[in-house]
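Down below is the structure, laid out as C-alpha cells.
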Amino acid sequence: MSTAWIDQLKLDHALRRLQQDQIDALEDIYQMMYAPIFKYTFSMVRNYHQAEDITQEVFLRIERYKNRYIARTNPKAWIYTMTKNLIYSKQKQQKEIALEKEKLHFVIDHQYLQEQTDLSFVKEALDLLSEKERQVVTLHIYGGLKHYETAQVLNIPYSKVRSIYTYALHKIKKNLRGKKYEETH
C-alpha cells in the first residue's frame, strides 16, 4: 500500500472514531491535517492571520458536522470541500463588509449631510422607494442584516436582494444630488 493510501485510511478511521464521540480523534485529525489545510487556506486568502482563523474554524466544523462524513469515502476531499466552502463564505462576508463601509459614502455626500440641519431628507428619500426596495434598504442599513439574511427574511433570492438594493441606492443618490443641485441654483 502507498503512503497516501495509508494516510487516507488513518484519516477515515479517525473521522469514524470522532463520529463515535471519541474526542481524542479530533486531535489525531488535527495532527494529520493542520499543515495541509493551513497551506491550502493561506494560498487562497494570502493573509497569515485569516488563514490561521479559517484553519481553526475548519476543525470546529469537522467536529460539528462529523456525522455528515460517510465512512470509507475520501476523507481528505470531504475536509477540503468544507475548507473551500468556508474560505468562499469568509471572502463573501469580507466583500459585504467592505460594501457596508462604503454604502453611506455612496448614498449620502458628506458635504450635503453636513449642510443639513435635520434628516427629513432621509424620510423623503425612502418615500421614493417601492415597498420592497424600502424593506431591502432598511433591513440592510438600519437592521444591520447582510444581503443573504435579508433574502431569507423576505423569502426572495439573494441575487434579487442585491439588485433591488443597488437600484434603490441609485434612486436615493440621484434624488439627493438633485436636491443639492436645486439648492445651489
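Along the sequence shown, residues carry numbers from 1.
The minimum heavy-atom distance linking Ile62 with Met82 is given by the pair N-SD, 3.7 Å. Scanning all heavy atoms of the two residues, the minimum distance from Asp7 to Met32 falls at O-SD, 4.5 Å. The minimum heavy-atom distance linking Leu18 with Lys66 is given by the pair O-CD, 3.3 Å. Between Ala51 and Thr41, the shortest heavy-atom distance links the atoms CA-CG2, 3.6 Å. Here the closest heavy-atom approach between residue Asp28 and residue Ala14 is recorded as CB-CB, 4.4 Å.
Around CD of Glu27, the count of heavy atoms belonging to other residues, nucleotides or ligands within 6.0 Å does not exceed 12.
Cluster annotation: Phe38 and Tyr88 are assigned to the same hydrophobic cluster (Ile/Leu/Val/Met/Phe/Trp/Tyr, side-chain heavy-atom contacts under 4.5 Å, transitive).
Formation of a donor-acceptor pair under 3.5 Å by the Glu133 side chain with backbone atoms of Tyr167 is not found in this model. Looking at Thr166, its side chain does come within 3.5 Å of a backbone N or O of Arg162 through a donor-acceptor pair. The closest donor-acceptor contact from the side chain of Ser163 to the backbone of Lys160 lies under 3.5 Å.
Distance CD1/Ile79 to CD1/Ile29: 6.0 Å, rounded to 0.5 Å. Residue Ile37 holds its CD1 atom at 12.5 Å from CD of Glu57, rounded to the nearest 0.5 Å. Remark: Leu26 CG to Asp21 CG distance equals 11.5 Å, nearest 0.5 Å. Between the CD1 atom in Ile70 and the CZ atom in Arg68 there is a gap of 11.5 Å [rounded to 0.5 Å].
A side-chain hydrogen bond (donor to acceptor under 3.5 Å, both in side chains) with Asp12 holds for exactly one of Lys10, Gln8, Arg16; it is Arg16.
Taking 4.5 Å as the limit, every side-chain heavy atom of Lys146 sits out of range of all side-chain heavy atoms of Tyr158. Within the 4.5 Å cutoff, no side-chain heavy atoms of Leu128 are placed close to those of Ile172. Arg61 places none of its side-chain heavy atoms less than 4.5 Å from the side chain of Thr83. You'll find the side chain of Lys90 stays beyond 4.5 Å of the side chain of Asp53, heavy atoms only. Contact check for Lys173 versus His170: no side-chain heavy atoms found under the 4.5 Å cut-off. For the pair Thr55/Phe42, no side-chain contact is recorded, criterion being any heavy-atom separation below 4.5 Å from C-beta on. With a 4.5 Å cut-off on side-chain heavy atoms, Val161 and Tyr148 do not count as touching. Residues Trp78 and Leu15 have side chains in contact (heavy-atom distance under 4.5 Å, counting atoms from C-beta outward).
A side-chain N or O of Tyr48 and one of Glu52 form a donor-acceptor pair less than 3.5 Å apart.
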Test side chain to side chain contact (heavy atoms under 4.5 Å, CB included) applied to Arg17 and Asp24, step by step | CA-CA 9 Å; Arg17 286 185 17 243; Asp24 64 316; 3.3 Å; yes

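Within the structure, no pair that satisfies the salt bridge (charged side-chain N to carboxylate O under 4.0 Å, His left out) test touches residues 71-86, not counting sequence neighbours.
Listed by chain and number, the residues in a ring-ring contact (aromatic ring centres under 6.0 Å, His included) with Tyr30 are Tyr34, Phe59 (sequence neighbours excluded).
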